[in-house]
Amino acid sequence: GVIGVGSFTQLTVGLSLSREKMSSLNTAIMGSKEASDSLLNSIDRMTNNSVVSMDQMVNAMNKIKLSTGLSNDQLDKCKGSVMKLGEAALLMGEDAELAGFHMSEAFSGLNGDFAVLKENFGITREKMIAMGWSGEASDVDGYAQALEKCVEQNGDLSGVMQTTSGKLAK
């Protein structure tokens, strides 16, 4: 079918309202409009070339922030590993809702809970330590880097965006 002007207007207004809602919620959670805008803009750029949607990323990042108490700087540094985990989940055939849940649980290991990561990705505390994480909850950077390495061991997913399915997912 053809998209009419009315449909295009509804889509544009809908996306604008969605971004406004994201910004408002993110600002409240992060405590700073500047930090929120910076994170949203970087997530927007990242999701332009990913099967992960901006909504999925923002929701996951907000849940991670609330469940772990990461600082805004720490949260910003972990977005790459969260994105890679979401891509892996989607490319394994999970639906968007389940992939979003897995993304939001990406940093639960900081609190010692590896159940979701182990069951779905084979990622354990021991494997994270072998990949460079110190095992300490305060080592957020090391955790993020180790998580990314663990997900990358499952293969390079970057080429998927060049497939028909990947292009449609954008």
Side-chain angles (χ1 to χ4, degrees), residues 14-15 18-19 21-23 25-26 29-30 36 38-70 72 74-133 135 137 139-170:
L15 289 174
S18 178
R19 177 69 185 240
K21 179 181 171 186
M22 273 187 227
S23 179
L25 290 172
N26 230 40
I29 290 169
M30 296 183 81
S36 172
S38 175
L39 183 66
L40 288 176
N41 288 335
S42 64
I43 288 173
D44 189 16
R45 286 188 301 275
M46 289 172 68
T47 56
N48 285 336
N49 297 307
S50 175
V51 292
V52 173
S53 73
M54 185 164 177
D55 281 351
Q56 288 171 309
M57 271 298 289
V58 172
N59 289 336
M61 298 301 285
N62 286 341
K63 288 175 186 173
I64 290 168
K65 170 82 171 161
L66 292 171
S67 68
T68 62
L70 294 180
N72 292 342
Q74 289 172 320
L75 188 68
D76 187 61
K77 290 178 184 175
C78 76
K79 64 185 182 273
S81 55
V82 173
M83 170 92 71
K84 285 192 182 292
L85 192 74
E87 289 172 341
L90 288 166
L91 296 171
M92 289 185 328
E94 294 182 358
D95 65 26
E97 187 174 338
L98 189 54
F101 170 72
H102 289 159
M103 291 166 65
S104 69
E105 291 291 310
F107 277 71
S108 58
L110 279 175
N111 299 323
D113 181 5
F114 281 90
V116 171
L117 291 171
K118 181 180 180 185
E119 181 179 320
N120 297 282
F121 303 97
I123 298 172
T124 62
R125 174 179 168 71
E126 294 75 22
K127 190 171 184 178
M128 291 285 286
I129 290 171
M131 292 294 173
W133 178 46
D139 182 15
V140 176
D141 291 345
Y143 183 95
Q145 291 168 5
L147 180 60
E148 202 161 323
K149 287 177 187 174
C150 286
V151 174
E152 286 174 352
Q153 276 193 331
N154 294 334
D156 181 9
L157 306 174
S158 61
V160 173
M161 288 310 296
Q162 301 312 312
T163 67
T164 302
S165 298
K167 289 178 182 177
L168 289 173
K170 280 194 213 180

Practice task
Give the minimum heavy-atom separation between Lys79 and Ser42, together with the two atoms involved.
Solution key: CE-OG, 3.2 Å
Practice task
Identify the heavy atoms of Ser104 and Ala60 that sit nearest to each other, and give their distance.
Solution key: N-CB, 3.8 Å
Exercise for the section: First locate atom CE of Met131, then atom CD of Glu148, and finally report the distance between them rounded to the nearest 0.5 Å. Expected result: 12.0 Å
Problem - CG on Leu91 to NZ on Lys84, rounded to 0.5 Å - result: 11.5 Å
Practice task
Any chance you could lay out the side-chain hydrogen bond (donor to acceptor under 3.5 Å, both in side chains) test for Lys65 and Asn26, step after step, and finish with the verdict?
Solution key: CA-CA 10 Å; Lys65 170 82 171 161; Asn26 230 40; over 6 Å; no
Problem - Straight-line distance of Met92 CE to Asn120 CG, nearest 0.5 Å - result: 6.0 Å
Exercise for the section: For residues Ile129 and Arg125, determine if any side-chain heavy atom of one lies less than 4.5 Å from a side-chain heavy atom of the other. Expected result: yes
Handout entry: Distance (rounded to the nearest 0.5 Å) between Leu85 CG and Leu117 CG
Key = 6.5 Å
Handout entry: Side chain to side chain, Met103 and Val52, heavy atoms closer than 4.5 Å
Key = yes
Problem - 4.5 Å side-chain heavy-atom contact, Phe101 and Val116 - result: yes
Exercise for the section: May I ask you to decide if Thr47's main-chain N or O and Ser50's side chain share a donor-acceptor pair within less than 3.5 Å? Expected result: no
Fill in the blank from the handout: Scanning both residues in full, the closest heavy-atom pair of Leu70 with Cys78 reads CD1-SG, 4.2 Å
Exercise for the section: Begin with the C-alpha distance, continue with both residues' side-chain angles, and end with the deciding distance and a verdict on side-chain contact (heavy atoms from CB on, under 4.5 Å) for Lys127 and Gln153. Expected result: CA-CA 11 Å; Lys127 190 171 184 178; Gln153 276 193 331; 3.1 Å; yes
Problem - Gap between atom CE of Met22 and atom CE of Met61 - 0.5 Å precision - result: 13.5 Å
Handout entry: Spacing of SG belonging to Cys150 relative to CD belonging to Gln145, to within rounding of 0.5 Å
Key = 12.0 Å
Practice task
Specify whether Phe107 and Tyr143 have parallel, tilted or perpendicular ring planes, treating 30° as the upper limit for parallel and 60° as the lower limit for perpendicular.
Solution key: tilted
Handout entry: Considering all heavy atoms, the nearest Ile123-Phe114 contact
Key = O-CD2, 3.9 Å
Completion exercise
For Val51 and Leu90 the tightest heavy-atom approach is O-CD1, 3.4 Å
Exercise for the section: Specify the closest pair of heavy atoms between Val82 and Ala106, including all atoms of both residues, with the distance to one decimal. Expected result: CG2-CB, 4.2 Å
Exercise for the section: Check for a donor-acceptor pair, side chain of Gln56 on one end and backbone N or O of Ala96 on the other, with a separation under 3.5 Å. Expected result: yes
Practice task
Kindly determine whether Thr124 and Met128 satisfy side-chain contact (heavy atoms from CB on, under 4.5 Å), including the steps that lead there.
Solution key: CA-CA 6 Å; Thr124 62; Met128 291 285 286; over 6 Å; no
Practice task
Determine yes or no for a side-chain-to-main-chain donor-acceptor pair under 3.5 angstrom, with Asp76 supplying the side chain and Asn72 the backbone.
Solution key: no
Problem - Beyond-backbone contact of Asp139 with Trp133, side-chain heavy atoms, under 4.5 angstrom - result: yes
Problem - Exam field: side chain Asn111 to backbone Asp113, donor-acceptor pair closer than 3.5 Å - result: no
Exercise for the section: Answer whether the closest heavy-atom distance between the side chains of Ser81 and Val151 falls below 4.5 Å. Expected result: no
